[in-house]
Amino acid sequence: MSRDQLKSAERSEASAEAPFLELLARGASADAYEQPVLLARADGLPPDRIAALERAKLLALGVRSEMEGRRRREAELSALFETAHDLAGLRDLDAVLQAIVQRARSLLGTDVAYLSLNDPAEGDTYMRVTEGSVAARFQQLRLGMGEGLGGLVAQTARPYVTDDYFRDDRFQHTPTIDAGVRDEGLVAILGVPLMLGPHVIGVLFAADRRARVFEREQIALLGSFAALAAAAIDTANLLTETREALSGLERANEIIRDRSGVIERASDVHDRLAELVLRGGGVHDVSAAVSEILDGSVQFVDAGAAPGDALEVSRAEGHAVRHGDDWVAAVTAGGELLGALVLRGHPGLDPVDQRTLERAAMVTSLLLLARRSASEAEQRVRGELLDDLLDARDRDPRLLRERAARLDADLDATHVVLASRLDATAADADHEAAARRRLWSAASHLAATRHGLAAARDGGTVLLLPLRPGDTATELARRTAKELGTAVHEAVSVGASAPVQDLAVRPDTVAEAYTEGQRCLEALRLLGRTGDGAAAEDFGFLGLLLAGSRDISGFVERTIGQVVTYDEKRGTDLLHTLDAYFACGMSPARTKEELHVHVNTVAQRLERVGRLLGPDWQSPARTLEIQLALRLHRLTSTGQHRPPRG
């Protein structure tokens with residue numbers, strides 16, 4: 001070949017490479033590299049020109065593949081570095097494991113990623129973290145050792161991959177596991193072991209809802225993430241052991257520091273408490289004095305605000321009882337529980353200081369009995385005012401407000417009417433009368449301390465208590481049931497009305513609210529929930545029947561209002577997807593057939609529903625209310641269903 005011919009060939013090669021260099025520069029897809037060859041053939045260019053283009057195409061595709069591989073490896077190394085950084089600053093194990101699963105799913109490009117851990121106590125394996133999963137049954141799977149693909153990985157301590165789960169007979173299939181996998185719609189699954197030394201503690205999975213072949217590099221990448229997850233778990237265990245050891249050392253140091261002053265403080269106790277009683281001090285004066293003597297924080301609390309188990313032990317034994325870092329001493333009088341003295345943040349209490357706390361509890365009970373005697377007259381007045389409100393005898397708002405103000409009550413505030421009743425059956429009439437008197441006494445004491453009113457009514461008691469900001473009728477009912485039950489040492493059920501207002505202007509509202517509270521009280525009895533408290537809102541859809549008004553729109557708003565609002569703002573139809581999901585037995589695989597969409601579309605919609613309604617939206621109790629709310633929404637809505645869009 002002559003020199004001119006050689007130069008001509010070189011120019012031809014260079015011109016052939018030019019279009020492919022442009023494709024490389026703009027990151028075009030692999031299909032685009034066929035276009036220059038096809039155009040050359042269509043233009044009828046010489047065979048040597050086409051051959052040059054073919055050679056340039058192959059070189060360009062090789063370069064593109066190498067660049068893609070390097071970018072992918074850079075992304076993988078970056079994700080591994082970020083995960084290792086999270087592990088180095090480990091604060092929340094669940095957050096680190098969630099990040100590992102999320103990054104594994106993203107880098108491998110799978111529909112779902114999840115991590116299971118072995119449970120030595122139960123002898124099985126359970127789901128710890130999932131990402132991309134929407135089927136409730138799959139998320140709650142517990143697998144016996146040796147079952148499913150994960151069992152094969154755990155047995156062999158080696159990665160395993162299946163292109164088609166249901167056609168693979170290398171591992172043991174069980175109805176439970178297969179049902180969960182089928183609900184999730186999974187087909188291809190890759191699992192790698194989580195190793196601590198020679199032991200397998202769990203398995204990290206990546207899975208697709210379609211047939212797929214996992215490459216060797218992807219298996220190695222998931223194995224790297226599994227190693228980081230195992231390290232995170234090991235680090236968390238070591239941190240827990242270290243914290244426990246440090247806590248033990250701190251308690252020992254506190255005991256050593258406090259020991260030197262024990263005897264000196266004990267000599268001062270009797271004189272200080274006796275002086276308080278003689279000069280007419282109150283309960284809070286006793287708490288302040290004992291706080292100074294014990295060099296800690298001592299508070300008198302109602303029985304319902306003290307730790308229940310420790311309080312019962314202290315009441316039975318007559319001694320102060322330790323509860324965590326606190327000490328609890330029951331304050332009792334004649335078998336009745338009046339409250340407790342709680343010494344907070346003082347785990348190393350000396351026996352001498354323990355007797356000091358018990359002596360202070362005894363003095364407190366004497367002061368409370370004296371105060372109760374002085375307040376009995378006031379309690380009778382409170383009962384009379386509440387009786388008048390229930391019977392609507394005095395309709396002059398000014399007089400009602402004046403009477404309430406003298407009792408430190410405010411009828412213009414928002415209140416809740418609570419009907420309470422003892423649940424136990426008394427042995428005879430005398431025992432029943434005594435039990436009712438104890439309940440009335442406890443209710444009156446509670447009303448006096450909470451700026452409310454109390455009266456005996458219909459074999460039980462009725463209370464009118466103000467509702468604090470941020471509180472609900474249900475929370476107030478449950479708290480009242482616990483406090484009254486603890487005070488009388490018997491189960492007390494409490495039914496609450498919805499919040500009521502303007503009692504001075506509309507006193508008949510109190511009678512209506514009391515009727516609603518009695519209905520809730522009867523519902524608790526029928527449901528067997530003795531010793532509990534509830535309002536109409538606590539019974540879900542049953543509350544529609546118990547409430548004085550049928551607040552259907554309020555029930556729908558509380559239950560699925562966020563989904564309705566999301567559909568209205570974005571033009572989606574998540575409500576229709578929910579209908580189909582429940583109609584198909586909560587199976588995404590069957591739901592996609594009903595909606596004629598891909599199972600990934602169903603998964604994406606249900607993920608959005610979960611973010612709107614909360615992680616427990618698929619629990620049995622929630623699903624029942626959600627389905628009823630969906631039906632009520634359809635009955636009350638005037639609009640028409642739109643075709644689903646998201």
Side-chain angles (χ1 to χ4, degrees), residues 98 101-106 108-114 127 129-141 165 179-189 205-212 555-646:
Q98 188 70 52
V101 172
Q102 287 173 347
R103 289 165 184 162
R105 178 193 179 195
S106 175
L108 269 67
T110 57
D111 298 325
V112 182
Y114 50 101
M127 291 289 190
V129 181
T130 65
E131 176 68 19
S133 170
V134 295
R137 180 157 46 182
F138 181 78
Q139 296 167 9
Q140 297 164 8
L141 275 180
Y165 175 86
V181 173
R182 187 174 288 107
D183 272 6
E184 194 63 56
L186 301 181
V187 177
I189 304 177
F205 298 89
D208 257 346
R209 297 188 177 96
R210 62 187 183 279
R212 170 178 178 169
F555 171 75
V556 172
E557 173 62 26
R558 290 192 300 271
T559 308
I560 61 171
Q562 289 183 300
V563 178
V564 173
T565 302
Y566 188 90
D567 276 351
E568 291 174 349
K569 288 184 176 180
R570 291 169 174 79
T572 57
D573 205 350
L574 298 181
L575 291 176
H576 182 53
T577 301
L578 270 178
D579 273 332
Y581 181 58
F582 288 125
C584 294
M586 301 174 70
S587 168
R590 292 197 294 273
T591 304
K592 62 105 173 174
E593 298 293 341
E594 175 70 18
L595 298 176
H596 305 293
V597 296
H598 193 273
V599 68
N600 278 349
T601 302
V602 175
Q604 291 166 3
R605 295 178 185 177
L606 295 180
E607 277 189 286
R608 172 60 62 184
V609 170
R611 287 194 288 270
L612 292 172
L613 298 184
D616 66 335
W617 74 276
Q618 297 192 81
S619 65
R622 289 287 307 279
T623 56
L624 179 61
E625 293 194 356
I626 290 170
Q627 290 180 74
L628 177 61
L630 286 170
R631 294 190 179 187
L632 291 173
H633 179 69
R634 287 199 304 269
L635 291 173
T636 57
S637 177
T638 58
Q640 300 294 323
H641 281 300
R642 297 179 299 275
R645 290 172 46 194

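In this text, all values refer to a predicted model and were calculated from it rather than measured experimentally.
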Any heavy-atom pair between the side chains of [Y] and [X] that's under 4.5 Å?
X: Leu612; Y: Thr565; value: no
X: Gln98; Y: Glu131; value: yes
X: Leu606; Y: Val602; value: yes

Could you tell me which residues satisfy side chain to side chain contact (heavy atoms under 4.5 Å, CB included) with [X], sequence neighbours excluded, listed by chain and number?
X: Glu594; value: Ala580, Cys584
X: Gln627; value: Phe582, Thr623
X: Ala603; value: Val134, Arg209
X: Arg137; value: Ala179, Asp183

- Give a yes or no answer on whether the side chain of Thr601 reaches the backbone of Val597 with a donor-acceptor pair at less than 3.5 Å. no
Spacing of [X] atom [atom1] and [Y] atom [atom2] [to the nearest 0.5 Å]:
X: Asp567; Y: Gln562; atom1: CG; atom2: CD; result: 12.5 Å
X: Ile626; Y: Ile560; atom1: CD1; atom2: CD1; result: 8.5 Å
X: Lys569; Y: Thr572; atom1: NZ; atom2: OG1; result: 12.0 Å
X: Leu595; Y: Asp573; atom1: CG; atom2: CG; result: 9.5 Å
X: Asn600; Y: Arg605; atom1: CG; atom2: CZ; result: 12.0 Å

- Item | Test side chain to side chain contact (heavy atoms under 4.5 Å, CB included) applied to Val609 and Thr577, step by step | CA-CA 9 Å; Val609 170; Thr577 301; over 6 Å; no
Contacts of [X] that satisfy salt bridge (charged side-chain N to carboxylate O under 4.0 Å, His left out) - sequence neighbours left out:
X: Arg622; value: Asp616
X: Arg608; value: none
X: Arg212; value: Asp208
X: Arg182; value: none

- Does the pair Val101 and Thr130 meet the rule for a side chain to side chain contact (heavy atoms under 4.5 Å, CB included), with working shown? CA-CA 7 Å; Val101 172; Thr130 65; over 6 Å; no
- Message: Suppose we screen for ring-ring contact (aromatic ring centres under 6.0 Å, His included). Which residues come up paired with Tyr165, at least two apart in sequence or across chains?
- Response: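 Once residues adjacent in sequence are excluded, the partners of Tyr165 under the ring-ring contact (aromatic ring centres under 6.0 Å, His included) criterion are Phe171, His173.
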- Message: Applying ring-ring contact (aromatic ring centres under 6.0 Å, His included), can you list everything that pairs with Phe205, at least two apart in sequence or on another chain?
- Response: Tyr114
- Message: Run the side chain to side chain donor-acceptor pair (under 3.5 Å) test against Ser133 and tell me which residues pass, sequence neighbours left out.
- Response: Gln139, Glu184
- Audit row: Asp111, Arg210, salt bridge (charged side-chain N to carboxylate O under 4.0 Å, His left out) steps and yes/no: CA-CA 9 Å; Asp111 298 325; Arg210 62 187 183 279; 3.6 Å; yes
- Smallest separation among heavy atoms of Ile189 and Ala207, with atom names: CG1-CB, 3.9 Å
- Task: Just grab all the ring pair (Phe, Tyr, Trp, His ring centres under 6.0 Å) pairs involving residues 586-621, residues at least two apart or on different chains.
- Result: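 Found Tyr581-Trp617.
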- Query: Could you walk me through whether Met127 and Gln140 pass the side chain to side chain contact (heavy atoms under 4.5 Å, CB included) check?
  - Reply: CA-CA 7 Å; Met127 291 289 190; Gln140 297 164 8; over 6 Å; no
